[in-house]
Amino acid sequence: MNQEWADKFENYILSARSIVVCVHKSPDPDAIGSLAAAQRFYDNYFAKKHDAEIHYIIPDELPDHLQWMIEGERDKYLIDDDFQKNGEKIFNDADLIVCMDLSDSARIGMYGPLFEKSDAIKVNIDHHPKICDDFDFVVRDTSVSSTSELLFTLLSLISAESIDSCIANALYAGILGDTGSFSYSCDRPSTYYVVAELLTLGAEVDRIHELLFNNYPYERTQLLGYVLDKKLKLVKVNNEMVSYYTLSTKELEEYHYKPGYLENVINYALNIKGVNVAASFVQRNNNLIRISLRSKGKIRINDFACNYFNGGGHPNASGASVYDKTLEECVDIYLKNIAEVF
Ligand code: 5GP
Ligand code: MN
């Protein structure tokens, strides 16, 4: 990242007349933090320099614990159903599409094909390994903690004075989320320089930690208890211990599941002594199974996610959506092939 890239990005924005900014399905703090920061920065800076239509898209339900990030600005976002209703027109009209925290158009959901077909200029701001070649301009760094960290550097080069405390909070939340409260993906000093700047700009560290990690509905804690007590399995595969759990829609319904309830639950499956790979298989509806995969240290799990489930992600944290298999079939594929990663 340097001034030249930032200038180029600024030019793309200022030359556009109809902009779409979108993040991935199953949004996490990094996705929403980046989007909320982009929206507020746009209003503070770009909106004063040009006249354009801009749509911020969250192609899925927004979990309760992330709602605070867009507080007071809700009407500027198209969330889930609003997007499903209006997405086609918005994608067709756009002359610039900015995708953040995703490198694979399949993660936009049902409008992935519209994105691929669109003649708009396509910009990517992301920290995932490259998947899609369809972008005209890419700000990608797989060594940073999060898209939020990368976006901070980009926005600082454009107009540091336009980064206010709301933006600082959103970006701090993104970094906190993607590093599991500074426990992984944060071994570079530059992450902490960015964090120091965010604190200087007013990020409320205690409040954000409370909102993200100490604010779970009772049902979520009960669901966690159920997973740990009844569902989590340990299996020995070629002398290596792996863990996994499954959840069916029926089980989710029993605990009044809402999006976000299972965020971070997979870490319990991974943080067992002797376990280096963990997986979760969650049936979100009859034909969608969401898979999360985690690994420790040098064991890479993203190629496995891609080869067996058509997903992807980071070396130690990957995921996939599977539409044509049962929970049992997914578990079977996992257990039969996971030995490859060791
Ligand atoms: P999670 O398990 O938290 O849903 O996802 C972990 C990571 O896996 C994400 O940060 C993302 O990099 C990647 N990921 C999750 N789902 C998908 C997917 O459906 N496709 C791809 N390519 N990557 C995914
Ligand atoms: Mn991220």
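As the structure lists them, so they are numbered: ligands from 1, and atoms in each ligand from 1.
Only backbone heavy atoms of Ala320 (N, CA, C or O) come within less than 4.0 Å of ligand 1; its side chain stays farther off. With a 4.0 Å cut-off on non-hydrogen atoms, Arg107 touches ligand 1 through its side chain and not its backbone.
Taking the Mn ion (ligand 2) as reference, Asp101 places its N/O/S atom OD1 nearest. Restricting Asp30 to its N, O or S atoms, the one at the least distance from the Mn ion (ligand 2) is OD2. Nearest N/O/S atom of Asp178 with respect to the Mn ion (ligand 2) is recorded as OD2.
In this structure, the side chains of Pro59 and Tyr111 stay at 4.5 Å or more apart for every pair of heavy atoms. Residues Tyr261 and Pro217 are in side-chain contact: their nearest non-hydrogen atoms beyond the backbone lie under 4.5 Å apart. Lys117 places none of its side-chain heavy atoms less than 4.5 Å from the side chain of Phe91.
Without hydrogens or angle criteria, Asn124 side chain to Phe135 main chain gives no donor-acceptor distance under 3.5 Å.
Looking at Glu254 and Lys250, a side-chain N of the basic residue comes within less than 4.0 Å of a carboxylate O on the acidic one, giving a salt bridge. Here Asp51 does not pair with Arg17 in a salt bridge; the nearest charged N to carboxylate O distance is not below 4.0 Å.
Protein heavy atom in closest approach to atom 2 (O) of ligand 1: Ser292 OG, 2.5 Å. In terms of protein heavy atoms, atom 10 (O) of ligand 1 is closest to His128 NE2, 3.5 Å. At the shortest separation from atom 22 (N) of ligand 1 among protein heavy atoms lies Gly312 N, 3.3 Å. Residue, atom and distance of the protein heavy atom nearest to atom 3 (O) of ligand 1 are Arg294 NH2, 3.0 Å. For atom 16 (N) of ligand 1, the closest non-hydrogen atom of the protein is Arg290 NH2, 3.0 Å. Of the protein's non-hydrogen atoms, Ala317 O, 3.4 Å is the one closest to atom 7 (C) of ligand 1.
Stacking of Lys122 on the aromatic ring of Phe115 is recorded, both the 6.0 Å distance cut-off and the 45° axial limit being met.
Ring-centre distance between Phe46 and Phe41: below the 6.0 Å cut-off.
Residue Asn310 has no N or O atom closer than 3.5 Å to an N or O atom of ligand 1.
Every atom of ligand 1 is numbered from 1 in the order shown, and the set under 4.0 Å from a heavy atom of Asp104 is 22 (N).
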